Number of protein chains: 2
Amino acid sequence: MLTLRQMRYFEALANTRHFGRAAAMVHVSQPALSTQIMEMEDHLGAQLVERNRAGVLLTAKGEAVLSRIRVILGAVDELEETARRRSGVLAGPIRIGIIPTVAPYLVPKLIPHLRQTYPEIEIELKEAVTARLLAELSDGRLDTVIAALPVEAENVETKALFADRFFMAMAKNDSDVLTSPLSENQVDADRLLLLEEGHCLRDQALAVCSAAGKRSLVNFGATSMATLLQMVSHDMGMTLIPEMAISSETARNNLKIVPFADPAPAREIGLIWRKSSGRAEDMQALAAAIVASAAGPRR
Amino acid sequence: MLTLRQMRYFEALANTRHFGRAAAMVHVSQPALSTQIMEMEDHLGAQLVERNRAGVLLTAKGEAVLSRIRVILGAVDELEETARRRSGVLAGPIRIGIIPTVAPYLVPKLIPHLRQTYPEIEIELKEAVTARLLAELSDGRLDTVIAALPVEAENVETKALFADRFFMAMAKNDSDVLTSPLSENQVDADRLLLLEEGHCLRDQALAVCSAAGKRSLVNFGATSMATLLQMVSHDMGMTLIPEMAISSETARNNLKIVPFADPAPAREIGLIWRKSSGRAEDMQALAAAIVASAAGPRR
DNA sequence: TTTTTATCATTGGAAATTCTTATCATGCTT
DNA sequence: AAGCATGATAAGAATTTCCAATGATAAAAA
């Protein structure tokens with residue numbers, strides 16, 4: 001069996017062209033190195049070096065083998081270095097899944113914050129609906145998921161991060177005159193616009209407006225909050241908007257934001273990871289970073 | 001210390017996602033594999049796999065390590081295969097040096113002959129004057145040299161291949177009328193054309209014509225036999241031509257070839273290799289191939 | 001609940017590999 | 001011929017790797 005040890009010895013031998021000095025270079029006795037070189041030649045079925053009084057020469061085949069060995073040893077060094085360099089909290093790769101009704105508002109604050117706090121972090125992001133994210137979490141393609149709690153998943157741990165209150169968004173010139181603060185049963189379910197199937201916010205909106213039974217007029221199913229609010233600003237209806245989306249989505253739209261009466265309905269955003277991941281420390285740090293970047297710039 | 005064994009075990013584990021099956025795949029017990037994986041994680045200072053009842057998951061770092069490991073193992077396989085594939089007489093790489101007054105006449109016959117007889121041979125050729133070839137032979141950049149004997153070199157073995165008689169070449173319309181066969185002192189040293197310094201044929205020509213002391217008229221020093229005979233055919237003088245060069249060099253030139261009286265002067269072509277090369281078998285085979293291809297097509 | 005099952009970790013001692021020291025063999029140098 | 005430098009060989013010690021048996025744990029079944 002060919003070993004890295006043999007390759008390292010062989011490279012030393014090729015560099016020094018001398019068994020004794022090569023042995024010293026790899027901190028081993030000369031017979032030990034001799035033996036390994038011989039075993040290597042034996043295993044490869046070829047003479048790699050020529051033994052002379054005046055030192056050692058590589059055969060043509062030895063040269064060919066040497067150049068391949070150098071490539072291999074280089075790759076091994078790289079492997080060791082990259083694997084080892086990253087250690088500590090949130091250092092190295094982490095794969096995060098985020099639901100679409102959170103991602104656009106959280107990511108622009110979270111990522112820079114993480115990069116600054118944990119310079120060695122390597123973030124990979126995935127945006128999808130909760131069910132898909134949980135599936136990927138479960139088979140190991142994600143390390144953690146940011147979604148609305150509660151979630152149905154096994155073998156996971158969960159940490160609540162913050163509550164995200166709901167508001168009602170409608171066109172500034174909407175003819176409906178609603179008392180502010182709003183009470184939940186004032187909402188006309190026929191005018192309620194929703195995200196497409198699968199988004200948890202869709203279900204939450206229906207629950208809040210106690211309209212699960214009724215058929216919503218615009219059953220179009222928007223693919224994103226931005227699209228949804230675009231529709232709202234064209235007075236096609238109204239929708240529930242989570243607090244964290246307000247500042248970025250109302251800046252450029254013709255929208256009026258109406259609060260609900262206390263206790264305001266809200267969703268709870270949480271962090272989810274596999275119990276078996278052994279990354280509790282990373283997860284606590286990540287949770288803190290999320291809370292900080294979601295809350296920080298708000299004030 | 002990271003080992004190939006650990007990498008092989010890890011790859012099996014990544015493929016099977018199961019310690020027991022991975023262990024079976026590499027023909028080892030499960031604890032043995034477990035231990036190696038743990039040592040690897042320890043050494044790299046990073047968790048590579050996540051242990052679950054429902055199998056095994058790779059961490060993000062584990063995935064990164066895996067892809068590098070696959071590259072490394074692939075390179076090792078290639079190394080083993082290419083090194084081992086070639087074995088047997090004159091199979092694999094051989095670096096041959098040939099002097100310029102032999103190469104153009106021998107190589108076109110020798111190379112096809114070798115390729116046919118030893119299909120796995122990989123020939124690398126170098127053409128240079130004897131001194132340079134012997135230097136490269138001595139420091140291992142060549143495996144063998146084809147040159148005129150005797151040579152001054154240490155730690156080498158030598159095998160005489162064949163004698164190569166000298167003839168005198170002159171322009172067909174040369175005004176000198178020489179008796180044929182020629183005796184050596186008939187040559188007018190002032191008309192003798194020579195190769196440049198360093199070619200053994202230059203010294204041999206001077207020796208044959210016993211003109212070492214005299215200054216040759218055309219001290220131009222041609223760089224090759226072809227050039228030299230070009231000059232001869234333009235009636236700029238005459239020169240010594242070795243027998244092996246005659247057929248190809250006279251075909252297109254306006255030359256007259258005059259033999260010497262017996263015993264005709266000749267050079268001896270031989271094969272030279274390092275005593276320590278351990279390739280005596282290859283060398284005997286090569287010698288036979290050279291004799292066969294130099295003599296064969298002559299009759 | 002308790003039991004069973006599946007899975008990976010741990011332990012203890014055997015087997016194998018690898019190492020060191022001492023010595024040998026060889027060919028060059030003196 | 002003796003001395004020197006170099007790599008090979010030998011014998012036993014140290015280290016690594018392995019296996020078989022067992023433990024620990026959590027999910028699945030009873």
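Worth saying up front: this structure is predicted, and the values here are computed from it rather than measured. All chains are named by letter (A, B, ...) in the order of the sequence lines, taking the proteins before the strands, and each is independently numbered beginning at 1.
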A/A32 near the nucleic acid: base, sugar-phosphate alone, or nothing, with a heavy-atom cut-off under 4.0 Å?
-> base
A/R51 vs D/dA8: side-chain N/O to OP1/OP2 distance below 4.0 Å = yes
OP1 or OP2 of C/dA9 less than 4.0 angstrom from a side-chain nitrogen or oxygen of B/S34, does that happen here?
-> yes
Do NZ/NE/NH1/NH2 and the carboxylate oxygens of B/E196 and B/R202 come within less than 4.0 Å?
-> no
Under 3.5 Å donor-acceptor, B/T59 side chain and B/L48 backbone = yes
State, with a plain yes or no, whether a side-chain heavy atom of A/Q47 is found less than 4.5 Å away from one of A/K61.
-> no
Under 3.5 Å, is there a donor-acceptor pair between the side chain of A/D282 and the main chain of A/L90?
-> yes
B/T3 side chain, from C-beta outward: closest of D/dT17, D/dC18, C/dT20 | D/dT17
Check the distance between D/dT16's C1' and A/L4's CG and give it to me in whole angstrom.
-> 15 Å
Phosphate OP1/OP2 of C/dC8: any B/H18 side-chain N/O under 4.0 Å = yes
Between B/H27 and A/T35, who's closer to the 5' end of DNA chain D by nearest nucleotide?
-> A/T35
If you check the A/V56 side chain, which of D/dC19, C/dA9, D/dG7 turns out closest?
-> D/dG7
Look at the side chain of B/F19 and decide which nucleotide, out of D/dC18, C/dT11, C/dC8, has an atom nearest to it.
-> C/dC8
Can you tell me the distance, in whole Å, between the CD atom of B/Q6 and the P atom of D/dC18?
-> 10 Å
Compare side-chain N and O positions of A/Q36 against OP1 and OP2 of C/dC19 and report whether any pair is under 4.0 Å apart.
-> yes
Report the distance from atom CE of A/M38 to atom P of C/dT18, rounded to the nearest whole Å.
-> 13 Å
Could you tell me whether A/R141 and A/E136 have a side-chain N and a carboxylate O separated by less than 4.0 Å?
-> yes
Does A/R5 have a side-chain nitrogen or oxygen under 4.0 Å from the phosphate oxygens OP1 or OP2 of C/dT17?
-> no
State which of C/dC19, C/dT11, C/dT21 makes the closest approach to the side chain of A/P31.
-> C/dT21
Any B/N155 side-chain nitrogen or oxygen under 4.0 Å from OP1 or OP2 of C/dG27 | no
Between B/L33 and B/Q30, who's closer to the 5' end of DNA chain D by nearest nucleotide?
-> B/L33
